[in-house]
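What follows is one structure encoded as structure tokens, with my remarks underneath.
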Amino acid sequence: MLDLQLLRTDLDRVARRLADRPFNLDAHAFRALEDERKGVQTRTQELQAKRNALAKQVGQAKGRGEDAAPLLAEASAVNEELAALENRLADVQRRAQDFLAVIPNVPHESVPAGRGAEQNVEVRRVGTPRTFDFAPRDHVDLGAAVGGLDFETAAKISGARFALMSGAIARLHRALAQLMLDVHTREHGYTEVYAPYLVNAASMFGTGQLPKFKDDLFAVPRGELGEFFLIPTAEVPVTNIVRDAIVPLDRLPLRYVCHTPCFRSEAGSYGKDTRGMIRQHQFDKVELVQIVDPARSYEGLEALTGHAEAILQRLGLPYRVVVLCTGDMGFSAAKTYDLEVWLPGQNAYREISSCSNFEAFQARRMQARFRNEKGKPELVHTLNGSGLAVGRTLVAVMENCQRADGGIDVPAALWPYMDGVKQILPAR
RNA sequence: GGAUGGGUGGCAGAGCGGUUGAAUGCACCGGUCUUGAAAACCGGCAAGGGGGCGACUCCUUCGUGGGUUCGAAUCCCACCCCAUCCGCCA
């Protein structure tokens with residue numbers, strides 16, 4: 001959520017920058033809403049003050065044993081008028097809130113303007129894609145060759161966009177998550193977190209999935225209580241740790257790492273990435289979350305991105321880093337780096353991590369604050385990034401480490417997690 | 001699911017329906033004292049919002065939502081959450 005104060009004082013500049021996303025901020029509607037709010041609020045508060053004063057006089061009169069009847073009559077009249085005004089005020093405030101809740105974050109000044117992925121800017125490339133002296137297969141064919149990656153059975157059990165892993169592939173998948181958790185906790189200073197996979201609507205609002213992106217979520221009804229939502233990323237439960245909290249300054253930055261499955265409806269992506277396990281309704285991800293002092297959030301973003309990169313480097317996977325342009329960024333982000341891993345099966349770089357600074361956008365929605373040097377509560381900045389998407393990392397390892405015979409050479413970094421298995425050989 | 005107790009400021013913890021935005025303690029900030037520190041003492045210290053150039057002033061907020069009342073942290077109703085016990089269960 002944007003700062004109301006910012007909209008009041010700098011509406012046109014904000015509207016211009018949001019137009020780059022593109023988002024059309026209706027400045028006229030906002031000003032009209034603001035004017036209405038101001039008028040109703042002022043009159044309501046005047047009447048409330050009057051009511052309070054009268055009530056006090058009644059108390060004093062009764063205390064002196066005087067007749068309070070005239071005062072009571074006046075108070076009743078005030079209350080009648082006040083009730084209508086308070087209703088109107090609540091209505092205007094709700095409309096203002098709804099208006100604010102669907103405005104995306106303002107891109108940081110360093111973010112390039114652009115409409116879509118084509119305008120993203122490459123920052124660096126690390127590693128060189130391997131040249132094969134045979135025709136490289138994609139992970140679906142490799143999975144068929146070694147066994148243990150089964151989309152047909154998953155479709156029987158659940159439907160499209162699910163995978164069933166077994167044997168060495170399932171083990172490799174687990175090994176990847178283990179490696180990531182160990183590196184981030186041991187070397188990057190993150191605290192491991194185990195968090196709920198079902199969250200309430202307030203948490204989804206806090207990180208920005210609600211109200212605008214409900215269609216992307218799986219909702220689980222719970223009768224009278226409304227509904228739970230399956231997390232689309234650990235960002236949601238982990239960032240909401242600090243919702244409605246005031247963190248002492250000396251505890252910042254908070255760094256959390258959390259391995260969870262992620263659930264996405266993928267509404268609107270029909271026909272996209274239908275082959276293989278690039279785009280699934282359920283996938284595992286190791287997520288990095290930082291809660292930081294606003295003065296240091298861009299430092300934090302660079303560091304966090306580096307932490308995610310470290311995993312790719314350790315696995316020897318070639319990748320590149322791109323800054324997302326204004327048109328490709330998520331709703332809540334002020335700046336995002338995507339890490340794209342090289343996939344020989346697609347002959348392309350594909351997203352494997354997304355690292356973002358949300359500045360105070362989520363913090364404002366969550367009322368997540370810290371106590372600054374002056375002892376005053378101030379909104380924190382929140383950051384997160386995949387470190388990494390486990391399913392896609394599995395795909396990348398399979399495709400980049402494949403052998404001519406269809407087997408897979410396990411990267412050395414994973415050996416300690418594989419019970420000494422260094423190659424996954426073709427079945428039969 | 002049943003029973004009981006409870007949700008108040010950063011924390012702990014008071015609070016006969018009227019001057020309680022809320023005692024007290026801790027924490028925190030400033031000062032006195034001290035070579036320095038501690039202790040002691042004095043003072044300050046909730047958040048969000050409206051209006052005003054400003055001194056300042058007004059409104060809202062005691063789990064949430066309704067209700068009673070001129071007036072609710074205090075009374076009534078519903079719900080949520082937490083604790084403990086019982087039942088069920090991995």
Side-chain angles (χ1 to χ4, degrees), chain A residues 1-9 30-101 194-206 220-229 237 240-252 254 291 293 360 363-380:
Chain A
M1 213 153 57
L2 297 182
D3 182 5
L4 237 191
Q5 219 58 47
L6 177 72
L7 283 180
R8 285 180 187 142
T9 56
F30 177 77
R31 288 205 177 91
L33 201 54
E34 262 300 283
D35 288 346
E36 185 183 354
R37 191 220 91 237
K38 192 176 282 193
V40 176
Q41 183 166 344
T42 304
R43 271 182 290 144
T44 304
Q45 293 188 352
E46 282 167 4
L47 269 191
Q48 285 171 330
K50 194 167 173 185
R51 176 207 57 198
N52 292 345
L54 280 171
K56 194 168 283 188
Q57 288 172 35
V58 170
Q60 289 166 343
K62 287 195 171 177
R64 291 192 298 264
E66 298 170 7
D67 176 23
L71 289 170
L72 293 183
E74 195 180 350
S76 294
V78 168
N79 273 343
E80 204 166 312
E81 194 183 347
L82 185 56
L85 266 177
E86 282 181 334
N87 281 336
R88 260 195 80 189
L89 182 61
D91 176 65
V92 183
Q93 285 177 330
R94 190 184 46 72
R95 273 152 53 212
Q97 191 64 20
D98 291 349
F99 186 90
L100 269 180
Y194 173 84
Y197 302 162
L198 286 167
V199 302
N200 56 32
S203 292
M204 284 294 185
F205 180 85
V220 180
R222 47 187 308 218
E224 315 269 297
L225 302 185
E227 48 199 356
F228 278 132
F229 297 91
N240 274 281
I241 288 173
V242 293
R243 171 152 57 89
D244 293 323
I246 299 178
V247 184
L249 180 60
D250 59 19
R251 289 202 51 214
L252 296 181
L254 294 173
I291 310 297
D293 182 333
R364 190 170 294 110
R365 291 173 157 253
M366 291 189 300
Q367 282 304 299
R369 296 176 291 176
F370 72 105
R371 214 168 269 287
N372 65 21
E373 305 76 11
K374 293 179 198 145
K376 290 293 161 197
E378 186 182 337
L379 295 170
V380 297

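The sequence lines fix the lettering, A, B, ..., with proteins before strands; numbering per chain opens at 1.
Comparing the P positions of rA38(B) and rC33(B) gives a spacing of 15 Å, expressed to the nearest Å. As rounded to the nearest Å, rG2(B) and rC59(B) have P atoms that lie 44 Å from one another. With C1' as the reference atom, rA37(B) and rU61(B) are 42 Å apart, rounded to whole Å. rG51(B) and rG18(B) have their P atoms separated by 34 Å, with the value rounded to a whole Å. Separation of the C1' atoms belonging to rA55(B) and rG63(B) is 38 Å when rounded to the nearest angstrom. Separating the C1' atom of rG9(B) from that of rU60(B) is a span of 16 Å, rounded to the nearest Å. For the C1' atoms, the distance from rC11(B) to rC62(B) is 16 Å, rounded to whole Å. Comparing the P positions of rA72(B) and rG17(B) gives a spacing of 14 Å, expressed to the nearest Å.
When heavy atoms are screened at a 4.0 angstrom cut-off, L71(A) is found touching no nucleic acid atom at all. Counting non-hydrogen atoms under 4.0 angstrom, P248(A) reaches nothing in the nucleic acid. Within the 4.0 angstrom heavy-atom criterion, no nucleotide atom of any strand lies near R364(A). Looking at heavy-atom distances under 4.0 Å, A75(A) makes contact with sugar-phosphate atoms alone, never a base. R43(A) comes within contact range of no nucleotide atom at all, as no heavy-atom separation falls under 4.0 Å.
Look at CD on Q45(A): it is 16 Å from P on rU57(B), rounded to the nearest Å. Spacing between atom CG of L54(A) and atom P of rG18(B) amounts to 18 Å, rounded to whole angstrom units. Regarding N372(A), its CG atom lies at a distance of 13 Å from the C1' atom of rC29(B), rounded to whole Å. Straight-line distance from the CD atom of E86(A) to the P atom of rG50(B): 18 Å, rounded to whole Å. The separation between E81(A) atom CD and rC70(B) atom P is 17 Å, rounded to whole Å. We find that CD of Q48(A) is positioned 19 Å from P of rG48(B), with the value rounded to whole Å. Residue I246(A) contributes atom CD1, which lies 16 Å from atom P of rC28(B) at whole-angstrom precision. Whole-Å rounding puts the F370(A) CZ to rC28(B) C1' distance at 16 Å.
Taking a pair to require two hydrogen-bonding distances under 3.5 Å in either a Watson-Crick or a G-U wobble arrangement, rG5(B) pairs with rC82(B). Using N1 to N3 plus N6-O4 or O6-N4 for Watson-Crick, or N1-O2 and O6-N3 for G-U wobble, each under 3.5 Å, rA90(B) pairs with nothing. Pairing partner, rA72(B): none, since no Watson-Crick or wobble contact has both distances short of 3.5 Å. For rC41(B), the paired nucleotide is rG31(B), the pair qualifying as Watson-Crick or G-U wobble because both relevant distances are below 3.5 Å.
Using a cutoff of 4.0 Å between basic side-chain nitrogens and carboxylate oxygens, R94(A) and D91(A) are scored as salt-bridged.
Distances from the side chain of S76(A) to the nucleotides rA47(B), rC58(B), rC70(B) place rC70(B) closest. With rG71(B), rA47(B), rU60(B) as the candidates, the nucleotide lying closest to the side chain of A55(A) is rG71(B).
The number of heavy-atom neighbours closer than 6.0 Å to CD of Q93(A), taken from other residues, nucleotides and ligands shown, is above 12.
Residue L198(A) holds its CG atom at 11.5 Å from OG of S203(A), rounded to the nearest 0.5 Å. Taking CG from N240(A) and CZ from F205(A), the interatomic distance works out to 11.0 Å, rounded to the nearest 0.5 Å.
Within the structure, a side-chain polar atom (N or O) of R8(A) is placed less than 4.0 Å from OP1 or OP2 of rG50(B). Under 4.0 angstrom from either OP1 or OP2 of rA47(B) there lies at least one side-chain N or O belonging to K376(A). The phosphate of rU60(B) has OP1 or OP2 within less than 4.0 Å of a side-chain N or O from N52(A). Close to rC81(B), at under 4.0 Å from its OP1 or OP2, lies no side-chain N or O of N200(A). Proximity of R51(A) to the phosphate of rU60(B): a side-chain N or O atom is located under 4.0 Å from OP1 or OP2. OP1 or OP2 of rG51(B) sits under 4.0 Å from a side-chain N or O of K38(A).
With R364(A) contributing its side chain and M1(A) its backbone, the two residues share a donor-acceptor pair below 3.5 Å. Proximity of a side-chain donor or acceptor of R243(A) to a complementary backbone N or O of R365(A) within less than 3.5 Å is not detected.
Nearest-nucleotide positions on RNA chain B place G59(A) closer to the 5' end than the other of T42(A) and G59(A).
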Check: Could you go step by step and tell me if R37(A) and E34(A) meet the salt bridge (charged side-chain N to carboxylate O under 4.0 Å, His left out) rule?
Finding: CA-CA 5 Å; R37(A) 191 220 91 237; E34(A) 262 300 283; 2.6 Å; yes
